[in-house]
Amino acid sequence: MAVSARTGPSLQSPNELLPSINILEARPSDAPMIASVLQEAAEWLAGDGRSLWSAAEIGHERVLRDASEGLFHVARLDGQLAGVMKFELEDAYFWPEVMPGTSAFVHKLAVRRAWAKKGVSTELLSYARTRAQELGRVHLRLDCVADRQGLRNLYEGFGFSLHSVVEIGASSYARYELPTPTATP
């Protein structure tokens, strides 16, 4: 794990397929590219009849706000933005029962189609797990629409355990958690 003065921790991948991946906190100037990655993912899913995020959730204004607050993290390969995720320390919407300060949460994990199935998602999740550990959070949590079996397989393959399936509005969401034990001195 390397540390950048600008962004805090960054990750250099040990993954042989992605030796040049660099993951770090996004800058506000990254917002247009982050929005582009999210929109590409949303369009790909919508093409299969599986719409995901609203235009407002992944539009430039919202992404710029979230990037300015340090919530987005980006994966770069050979200088190109390959994937993004939102890393949050609270999530009262999907996890209202979780005690504040105990967990970190991943949202809006998206990878450019050109980098799909090459390990970028796994590298982003590894980075999130490490960040959660460094922050003393005992769990890394995330959620997805319950019928997204491919995404659920990714999470389960990474080591997440299904916590529960909840109904919010007209949708069912699978909620996952991963223990992030911290090293004892």
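The figures here come from the full heavy-atom set of this structure, side chains too, leaving out hydrogens, waters and symmetry mates.
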(request) For residues 98-114, pull every pair meeting salt bridge (charged side-chain N to carboxylate O under 4.0 Å, His left out), keeping only residues two or more places apart or in separate chains. (result) E40-R112, E57-K108
(message) Test: salt bridge (charged side-chain N to carboxylate O under 4.0 Å, His left out). Region: residues 160-177. Which pairs qualify, not counting sequence neighbours?
(response) E97-R175, R141-E177
(request) Mind checking ring-ring contact (aromatic ring centres under 6.0 Å, His included) for Y93 and listing every partner two or more places apart, or none if nothing turns up? (result) none
(message) Once ring-ring contact (aromatic ring centres under 6.0 Å, His included) is applied, do any residues pair with H163, and if so which ones, sequence neighbours excluded?
(response) W95
(request) Using salt bridge (Lys or Arg N to Asp or Glu O under 4.0 Å) as the criterion, list what pairs up with D91, not counting sequence neighbours. (result) none
(message) Going by the rule side-chain hydrogen bond (donor to acceptor under 3.5 Å, both in side chains), which residues pair with E69 if we only count those two or more places apart in sequence or in a different chain?
(response) none
(request) Could you check if a side-chain atom of M85 sits within less than 4.5 angstrom of a side-chain atom of H107, using non-hydrogen atoms only? (result) no
(request) Sequence neighbours left out, what pairs pass side-chain hydrogen bond (donor to acceptor under 3.5 Å, both in side chains) with at least one residue falling in residues 144-154? (result) Q149-N153, R152-Y176
(request) Take the angle between the ring planes of F94 and Y173 and call it parallel below 30°, perpendicular above 60°, tilted in between. (result) perpendicular
Who passes side chain to side chain contact (heavy atoms under 4.5 Å, CB included) against [X], sequence neighbours left out?
X   : answer
V63 : A31, I34, A35, L38, F72
P28 : L64, S68
A82 : L77, W115, V120

